[in-house]
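Order of the sequence lines sets the chain letters (A, B, ...), proteins ahead of strands, with each chain counted from 1. A quick note: this is a predicted structure, and the numbers were derived from the prediction, not measured.
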Number of protein chains: 2
Amino acid sequence: MASEYDDCLLFLLAKAYQRVYGDFKKRMQPHGLTPVQHLVILALSLEEGVSAGELGKRLMLDNATLSGVLDRLSESGWVVKQSSQEDKRSLKLYLTDRARSNLELLKAESDDANRRVLDSFSLEERVIFKRLLKDLQK
Amino acid sequence: MASEYDDCLLFLLAKAYQRVYGDFKKRMQPHGLTPVQHLVILALSLEEGVSAGELGKRLMLDNATLSGVLDRLSESGWVVKQSSQEDKRSLKLYLTDRARSNLELLKAESDDANRRVLDSFSLEERVIFKRLLKDLQK
DNA sequence: GGCTGATAGTTAGCATACGAAATATAGGAG
DNA sequence: CTCCTATATTTCGTATGCTAACTATCAGCC
């Protein structure tokens, strides 16, 4: 039964996530980023100038959570929070030059971390695994 | 590339976990438990009288984290923290009568939540998914 | 203009997670 | 017995996540 805690998806997903989070954490630490902050940088690199709300939608991240993450990224010099001229309630988010110049390095780290996680899976398993995980995104 | 954040395992696992966590949260709320607290109860029901350290190993949970969870479970009347006679540094953990009498109900909720999560997966996919998740537990 | 309801972000409160420091107790060497 | 080291748990600091409450601003309507 799934009531055996170690067969429960809540448990399995928690531990899988925590393991991968830990891997990324070690890898991003030298760059001064947390795993989540690194995702924010990657997302922003795809399109700068978006609002916090828009970025939150793309990252499926709560506004309240993202607000704190953006504060820390701004504080540590990765992101610029510029309040929009057209709508003063809204922000326009940009990467700093330092963030841009570190982008390729970050992507390489991220790709490498992903490869290592999937290392023991067959090619087919990797495809299935990602598909099933995506299916779970409500 | 996995550097597209939405193809990154860190992202996929985070969102899958958050989705399932949310499902369990809604389901456990009426019982006055959080998803993690519910896992602790299930684990304890398999063997009572274990120490916090032992329980932490089984749940792959940090001692520091578990300490807080046990405090809240004790506070809310689900768990009894009894300090061990043989080794006063150590705890012996027990379910309360109330916890025991709610066990079957909790297991039913948990099983149902698990079923719903896997609902859209084929039988084969369910097996593969769980296997791959277990493989990720370092 | 001024009121009203909607929207963007922030803040506060709570519950995980985890590393590191602090506490209390065990256990063994001398 | 006493000191030293190892172990069990707790506490502290930081970073997510989420809900709800709060603030500022916008947009439409009279």
Side-chain angles (χ1 to χ4, degrees), chain A residues 10-11 13-26 28-29 32-40 49-57 59-76 78-79 81-93 138, chain B residues 10-11 13-26 28-29 32-40 49-57 59-76 78-79 81-93 138:
Chain A
L10 176 65
F11 180 78
L13 280 166
K15 296 317 151 183
Y17 173 56
Q18 284 158 22
R19 179 264 164 103
V20 171
Y21 187 91
D23 287 356
F24 273 82
K25 187 175 176 185
K26 279 197 195 71
M28 295 303 164
Q29 210 137 46
L33 287 175
T34 65
V36 172
Q37 289 171 3
H38 136 267
L39 286 178
V40 171
V50 294
S51 68
E54 179 56 32
L55 188 59
K57 265 179 213 153
L59 287 166
M60 295 193 274
L61 252 186
D62 191 84
N63 280 348
T65 302
L66 186 54
S67 180
V69 175
L70 289 173
D71 263 355
R72 288 181 284 279
L73 279 173
S74 165
E75 186 64 31
S76 55
W78 288 88
V79 164
K81 289 164 62 177
Q82 182 186 304
S83 90
S84 166
Q85 284 310 306
E86 307 94 66
D87 183 347
K88 285 177 190 163
R89 292 170 302 177
S90 175
L91 294 175
K92 280 180 180 295
L93 299 168
K138 287 212 212 304
Chain B
L10 176 66
F11 179 79
L13 280 167
K15 297 315 152 184
Y17 173 56
Q18 284 157 24
R19 179 264 164 104
V20 170
Y21 187 91
D23 287 355
F24 273 82
K25 186 176 176 183
K26 279 198 193 71
M28 295 303 163
Q29 210 137 45
L33 286 175
T34 65
V36 172
Q37 289 170 2
H38 136 268
L39 286 178
V40 171
V50 295
S51 69
E54 179 56 32
L55 188 60
K57 265 178 211 153
L59 287 166
M60 294 193 273
L61 251 187
D62 191 84
N63 281 346
T65 302
L66 186 54
S67 180
V69 175
L70 289 174
D71 263 355
R72 288 182 283 278
L73 279 173
S74 164
E75 186 63 32
S76 56
W78 288 88
V79 163
K81 289 165 63 178
Q82 180 186 303
S83 89
S84 166
Q85 284 310 307
E86 308 94 66
D87 183 347
K88 285 179 190 163
R89 292 170 303 178
S90 175
L91 294 175
K92 280 181 179 294
L93 300 168
K138 287 220 209 307

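Spacing between atom CG of B:Leu70 and atom C1' of D:dT11 amounts to 15 Å, rounded to whole angstrom units. Summarising the geometry, the separation between NE2 on B:His38 and P on C:dT16 is reported as 13 Å, rounded to the nearest angstrom. If you measure from atom CG of A:Leu91 to atom C1' of D:dT25, you get 13 Å, rounded to the nearest angstrom. Here the P atom of nucleotide C:dT25 and the NZ atom of B:Lys92 are 17 Å apart, to the nearest Å. Regarding B:Met28, its CE atom lies at a distance of 13 Å from the P atom of C:dT16, rounded to whole Å. Computed from coordinates, the A:Lys88 NZ to D:dT23 C1' distance equals 15 Å when rounded to whole Å. Remark: C1' of C:dC18 and CE of B:Met60 are 15 Å apart, rounded to the nearest angstrom. Counting to the nearest Å, the P atom of C:dT16 and the CZ atom of A:Phe11 are 15 Å from each other.
Within the nucleic acid shown, A:Leu66 has no heavy atom closer than 4.0 Å to any nucleic acid atom. Residue contacts for B:Ser90: at a heavy-atom cut-off of 4.0 Å it reaches the sugar-phosphate backbone alone, with no base atom in range. Residue contacts shown for B:Thr34 are limited to sugar-phosphate atoms, with no base heavy atom under 4.0 Å away. Looking at heavy-atom distances under 4.0 Å, B:Ser84 makes no contact with the nucleic acid at all. Residue contacts for B:Lys81: at a heavy-atom cut-off of 4.0 Å it reaches the sugar-phosphate backbone alone, with no base atom in range. Contact annotation for A:Ala64: base contact, defined as any heavy-atom pair under 4.0 Å involving a base atom.
Of all nucleotides listed (D:dT25, D:dC18, C:dT16), C:dT16 comes nearest to the side chain of B:Val69. In the set C:dT11, C:dT25, C:dG19, C:dG19 carries the atom at the smallest distance from any side-chain atom of A:Lys25. In the set C:dT16, D:dC18, C:dA8, the nucleotide with an atom closest to the side chain of A:Arg89 is C:dA8. Among the nucleotides C:dA6, D:dG17, C:dA15, the one closest to the side chain of B:Arg72 is C:dA15. Between C:dT16, D:dT19, D:dC26, one nucleotide has an atom nearer to the side chain of A:Asp62 than all others, and that is D:dT19.
One finds no side-chain N or O of A:Gln18 lying less than 4.0 angstrom from the OP1 or OP2 phosphate oxygen of C:dT16. Look at A:Tyr17 and you'll find a side-chain N or O under 4.0 angstrom from OP1 or OP2 of D:dG17.
Between B:Tyr21 and A:Leu10 the shortest heavy-atom distance is CA-CD1, 3.9 Å. A:Leu55 approaches A:Leu93 most closely through the heavy-atom pair CD2-CD1, 3.7 Å. Nearest heavy-atom pair across B:Ala14 and A:Tyr17 is CB-CE1, 3.4 Å. Closest approach of B:Leu70 and B:Ala52 over heavy atoms only: CD1-CB, 4.0 Å. In this structure, B:Lys92 and B:Ser84 approach most closely via the heavy-atom pair CE-OG, 4.0 Å.
Taking for each of A:Asp71 and A:Asp87 the nucleotide of DNA chain C with the nearest heavy atom, the 5'-most of the two is the partner of A:Asp87. Remark on DNA chain D: of its neighbouring residues B:Glu54 and B:Ala14, the 5'-side contact belongs to B:Glu54, judged by nearest-heavy-atom nucleotide. Residue-to-nucleotide proximity on DNA chain D shows that, of B:Asn63 and A:Gln85, the 5′-proximal contact is made by B:Asn63.
Side-chain polar atoms of B:Gln29 and B:Lys26 form no donor-acceptor pair below 3.5 angstrom.
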